[in-house]
Amino acid sequence: MPELPEVRTVVKFLNTLKGNHIRKIESYLPKMFSSELVDKVTNEKINEVTALGKYIIFHLDNYNLISHLRMEGKYFYKDYYEKTKHDHVIFTLDKGYLYYNDVRKFGTFDLKNKEETFTTPPLSNLGKEPFTITVEELNQKLKKSSRAIKTLLLDQSIMTGIGNIYADEILFLSKINPKTRGLDITISQIKELIKNSIKVLNEAIKEGGTTIHTFSTNEGQGWFQLKLNVHTKAGKPCKICNTIIKKEKINGRMSYYCETCQR
DNA sequence: CCCGTGCCCTGGCGGC
DNA sequence: TGCCGCCAGGGCACGG
């Protein structure tokens, strides 16, 4: 499931394609990529690809194409044409083909005029990334909520970029129980949360992301799964204190944590 | 306004 | 061995 580090990895790869025009688009899933999008995007040039949280932004000539991979969306580039299973959108470029592949069909595409890109949903709903949020800004959002900190870390309108894997890892490093209410989080804990969010995300970016289910790119898979402390470690001993890692659903999201280290 | 729930979708896995 | 049923999971619509 692509979170900020995986999206950064994909964007790095997509930027190798900039300068290409999108000469033709085949959409096999109009619900995901409508014929109106096909018409508008055809013949536009990919000038730049950037990321915001978990969103990919293709900067075209007249529009910005916003892509979200959700659970299993992937981009593949080949210099030849070969439609495979679960390829839903195929972009013919000046040189080669870009394939959008998505087993669960959860991914989304939005097309925006340049000036409305960041001022309309979905991007206008996002909080800052952990790299730029301040302690005071995060405090303002957490202190009025009785929801669990795990849930709040997943709320993209508070901070953007963190998903289920990294939320568990960040809480472990910060020694915070995932069920702690937002309003019970102290200022020093907020400092820890921001510090560890940056640390975990940067390390994961360095590893090319985390491959737990199927995340991969043309560059291959990511390797951060080898550095996970708690996520997917149910039944195994905590690396710090040997307590067995607990697996528990919190507000509908599977969560992994150490009951001893995270109080 | 705030929060919880259900939905989208399909491969993989547990159970029998 | 084979088949059925259930589950994961990000973001959004909806309802209390």
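It should be emphasised that the depicted structure is a prediction, and the values quoted were computed from it without experimental measurement. Per chain, numbering begins at 1; letters A, B, ... match sequence-line order.
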Touch class at under 4.0 angstrom, heavy-atom based, for Thr108(A) against every strand present: nothing
Residues forming a salt bridge (charged side-chain N to carboxylate O under 4.0 Å, His left out) with Lys150(A), sequence neighbours excluded: Asp168(A)
Pairs where residues 23-49 of chain A contributes a residue and the test ring-ring contact (aromatic ring centres under 6.0 Å, His included) is met, not counting sequence neighbours: Phe33(A)-Phe91(A), Phe33(A)-Phe109(A)
Sugar-phosphate only, base, or nothing, as touched by Ser146(A) at under 4.0 Å among non-hydrogen atoms: sugar-phosphate
Whole-Å gap separating P (dG9(C)) and CG (Asp102(A)): 16 Å
Residues forming a salt bridge (charged side-chain N to carboxylate O under 4.0 Å, His left out) with Lys18(A), sequence neighbours excluded: Glu48(A)
SB check Lys54(A) Glu6(A) (cutoff 4.0 Å): no
Value in whole Å for how far the P atom of dG9(C) lies from NZ of Lys249(A): 8 Å
With Tyr81(A) via ring pair (Phe, Tyr, Trp, His ring centres under 6.0 Å) - residues at least two apart: Tyr97(A)
Partners meeting salt bridge (charged side-chain N to carboxylate O under 4.0 Å, His left out) with Lys105(A) (sequence neighbours left out): none
Lys NZ or Arg CZ of Lys78(A) over Tyr99(A) ring: under 6.0 Å, within 45°: yes
Base-paired stems in DNA chain C, each at least three Watson-Crick or G-U pairs under 3.5 Å: B:2-16 with C:2-16
Contacts of type salt bridge (charged side-chain N to carboxylate O under 4.0 Å, His left out), residue Lys83(A), not counting sequence neighbours: none
Under the ring pair (Phe, Tyr, Trp, His ring centres under 6.0 Å) test, residues paired with His68(A) that sit two or more places apart: Tyr55(A)
ring-ring contact (aromatic ring centres under 6.0 Å, His included) partners of residues 133-163 of chain A, not counting sequence neighbours, each pair once: none
Leading and trailing nucleotides of DNA chain B with any atom under 4.0 Å from heavy atoms of chain A: dC3(B) to dG11(B)
Protein-to-nucleotide contact annotation, 5' to 3' order, nucleotides 10-16 of chain C [B base; S sugar-phosphate only; - none; under 4.0 Å, heavy atom]: BSS----
Separation of dG9(C) P from Ile250(A) CD1 (nearest whole Å): 13 Å
Within residues 29-39 of chain A or reaching into it, pairs that qualify as side-chain hydrogen bond (donor to acceptor under 3.5 Å, both in side chains) - sequence neighbours excluded: Glu36(A)-Lys40(A)
